[in-house]
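In what follows, a single structure is set out as structure tokens and then discussed.
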Amino acid sequence: METAEDVELVPLNSAQTEQFARIEQLWPEFGHSLQVLAASDGGGMAWRTVDGIEYLTRYTREDGKQKVKSLGRRTPETEAIFAQFESTVLKARRVRRELREDVLLSCKLAKAYGVARLHGRLAETLDRLWYTGASSRVSLFGGSALLAYESGSGILAPAALVKDRHLQFVARTEDLETLNLAEIAEACDVDNEGASYKYDEDRYLIRTKRERRTLAEVFLPTYFVRRLDGDAHRELRAMLRGPGTKGLTFSRDTRPIELTALDPAAYAIASHCMRDDELWAHRAEFACSLVRHCWPDTFDVVQEAILDVDPEVRWLRLRGP
């Protein structure tokens, strides 16, 4: 494996660092407000007096018409319902309203400073996975995952390495019921063309139903570990099934996007397993440099041993995606 000195690491400049810091400050409240509002059915809630008696009333809209539903007289129970609505939906609306302009400004500045590089179509899929919670079952892989490490490392991912034709993920489980590929396929179908998935040698291909265009790949952990044994097999399998690394990035259409990517050490080793492909070899070299020099946790002894193995001796050649 090439040493870290063979790979140039370009630090984020002060303006880029400032925008990452700003969006990370705003995101916990703003992002949570988006999820709360997405889970609600909209509308409002208020007390309504009828014949001198207060009733808790829920207002929603359906097919352009207002629907009114009484939730019952004013009692400790209905007061608790209203308090819950105030502390969740109403608070989320207020947070979104108050922070929206600051978030948009940060995203626009990030684009001006060259760190809003995630393609809008890919960003939409990742946003859908975040909203549904599916990002807790898969870790982002491919070039887009490198964007998740920029803020934490202070290093700008090379433009040639982050470009993706489609998204790639590593599943944290091999249990299909838990993985729920149907929900992931639906999230990938941003153009509503209809999408399906098909098993293909330890990975699943998600494609449009009509044109069979590839939207995403979901690799099972066995894709990477099947040619390893002993400690190396157990170590990499555990890494791939880990919780991953969360990071914020910016889309080209000026939105903040929360990414859940492979831990960078896991990314480096998984990329190393696919180094027959020149692009993946460069990604592996970059990720190794980043972990060794700019990440809080570097490789342990077993992980270094996996990276140092002579592929001609220990491994059959691994095909790329």
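Because the structure is predicted, anything quoted here is derived from the model rather than measured. The analysis underlying the following values was restricted to heavy atoms, covering all of them including side chains, and did not include hydrogens, waters or symmetry mates.
The CD atom of E183 sits 11.0 Å away from the SG atom of C188 when rounded to the nearest 0.5 Å. With rounding to the nearest 0.5 angstrom, the CE atom of M239 is 7.0 Å from the CG atom of D300. Atom OH in Y55 sits 12.5 Å away from atom CG in L71 (nearest 0.5 Å). Note that OG1 of T208 and CG of N192 are 12.5 Å apart. Values are rounded to the nearest 0.5 Å. Annotation: the span from L236 atom CG to D231 atom CG amounts to 12.5 Å, rounded to 0.5 Å. Residue R234 holds its CZ atom at 9.0 Å from CG of D229, rounded to the nearest 0.5 Å.
Of the charged side-chain nitrogens involved, at least one lies within less than 4.0 Å of a carboxylate oxygen, so that R255 and E124 count as a salt-bridged pair.
Distance alone, capped at 3.5 Å, is enough to place a donor-acceptor pair between the H233 side chain and the V225 backbone. Looking only at distances, no side-chain donor or acceptor of R252 sits under 3.5 Å from a matching main-chain atom of G120. Looking at S106, its side chain never comes within 3.5 Å of a backbone N or O of D102 through a donor-acceptor pair. Checking side-chain atoms of D263 against main-chain N and O of T245 turns up no donor-acceptor pair under 3.5 Å. Using modelled atom types, one side-chain atom of E150 and one backbone atom of A157 make a donor-acceptor pair closer than 3.5 Å.
Within the structure, side-chain hydrogen bond (donor to acceptor under 3.5 Å, both in side chains) contacts touching residues 27-47 (residues at least two apart or in different chains) are W27-E258, D41-R58.
Between K246 and W130 the shortest side-chain heavy-atom distance does not fall below 4.5 Å. Between V50 and I53 there is no side-chain heavy-atom pair separated by less than 4.5 Å. Within the 4.5 Å cutoff, the side chain of L129 has heavy atoms near those of the F169 side chain. R275 has its side chain out of reach of W280: every pair of non-hydrogen atoms, C-beta onward, lies at least 4.5 Å apart. Counting heavy atoms from C-beta outward, Q84 and I81 have side chains that stay 4.5 Å or more apart. Side-chain contact between L34 and Y131 is present, with at least one heavy-atom pair separated by less than 4.5 Å. Residues L279 and K163 form no side-chain contact, since every pair of their non-hydrogen atoms from C-beta on lies 4.5 Å or further apart. Contact of the L126 side chain with the L118 side chain is registered, since non-hydrogen atoms from C-beta on lie closer than 4.5 Å.
Surrounding CD of Q66 are more than 12 heavy atoms belonging to other residues, nucleotides or ligands, all under 6.0 Å away. Other residues, nucleotides and ligands contribute over 12 non-hydrogen atoms within 6.0 Å of the CD atom of E54.
Residues Y59 and A46 share a closest heavy-atom pair of CE1-CB, 4.1 Å. Shortest non-hydrogen contact noted between G43 and F85 is O-CZ, 4.0 Å. Taking both residues in full, the closest heavy atoms of L215 and A195 are given as CD1-CB, 4.0 Å, listed atom of the first, atom of the second, then distance. The two residues A182 and Y197 have their closest heavy-atom pair at N-CE2, 3.7 Å. Contact detail for P264 and L290: the closest heavy-atom pair is CB-CD2, 4.3 Å. Smallest separation of non-hydrogen atoms from A270 and L262: CB-CD1, 4.4 Å.
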Can I get a per-line list of side-chain donor-acceptor pairs under 3.5 Å for residues 139-148, giving both atom names and the distance, sequence neighbours left out?
unit_1, atom_1, unit_2, atom_2, d
S139, OG, R172, NE, 3.1
S144, OG, D164, OD2, 2.7

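The same ILVMFWY cluster, assembled from side-chain heavy atoms under 4.5 Å apart, contains both V138 and M274. One hydrophobic cluster holds both Y267 and V7 under the rule that ILVMFWY side chains link at heavy-atom gaps under 4.5 Å. In the hydrophobic clustering of this structure, V95 does not group with L37; members are Ile, Leu, Val, Met, Phe, Trp, Tyr whose side-chain heavy atoms approach within less than 4.5 Å, directly or through other members. The hydrophobic clustering, which links ILVMFWY residues whose side-chain heavy atoms are closer than 4.5 Å, places L105 and F20 apart. Under the 4.5 Å side-chain heavy-atom criterion for ILVMFWY residues, a single connected hydrophobic cluster contains both L161 and L307.
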Requested in this report: Quick one: do L179 and I184 satisfy side chain to side chain contact (heavy atoms under 4.5 Å, CB included)? Show the steps, please.
Outcome: CA-CA 9 Å; L179 186 56; I184 294 172; 4.2 Å; yes
Query raised in the report: T173 and D175: side-chain hydrogen bond (donor to acceptor under 3.5 Å, both in side chains), yes or no, with the steps?
Result: CA-CA 5 Å; T173 176; D175 180 81; 5.2 Å; no
Query - Chi angles and distances behind the side chain to side chain contact (heavy atoms under 4.5 Å, CB included) call for R207, H166 - result: CA-CA 10 Å; R207 293 171 169 163; H166 56 263; over 6 Å; no
Report task. Determine, step by step, whether R96 and F30 satisfy the side chain to side chain contact (heavy atoms under 4.5 Å, CB included) criterion, reporting the C-alpha distance in whole Å, the side-chain angles of both residues, the deciding distance to 0.1 Å, and the verdict. Result -> CA-CA 6 Å; R96 183 180 62 177; F30 187 76; 4.0 Å; yes
Requested in this report: Start with the C-alpha distance between F286 and L9, add both sets of side-chain angles, then the distance that settles side chain to side chain contact (heavy atoms under 4.5 Å, CB included), and finish with yes or no.
Outcome: CA-CA 8 Å; F286 171 78; L9 298 178; 3.7 Å; yes
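Remark: R226 qualifies as a cation-pi partner of Y223 under the 6.0 Å distance and 45° angle criteria applied to the six-membered ring.
Between I206 and the options V218, T125, L167, a side-chain contact (heavy atoms from CB on, under 4.5 Å) holds for only V218. Remark: of the listed residues V170, I269, T222, V170 is the sole one forming a side-chain contact (heavy atoms from CB on, under 4.5 Å) with L240. Paired with E193 under the rule side-chain hydrogen bond (donor to acceptor under 3.5 Å, both in side chains), one option of K209, R210, R213 passes, and it is R213. Each of F224, Y199, Y204 was compared with F219 under the ring pair (Phe, Tyr, Trp, His ring centres under 6.0 Å) criterion, and only F224 meets it.
With sequence neighbours left out, the side chain to side chain contact (heavy atoms under 4.5 Å, CB included) criterion links T17 to L12.
Side-chain contact of R22 with Q19: a donor-acceptor pair under 3.5 Å is absent, judged by distance alone.
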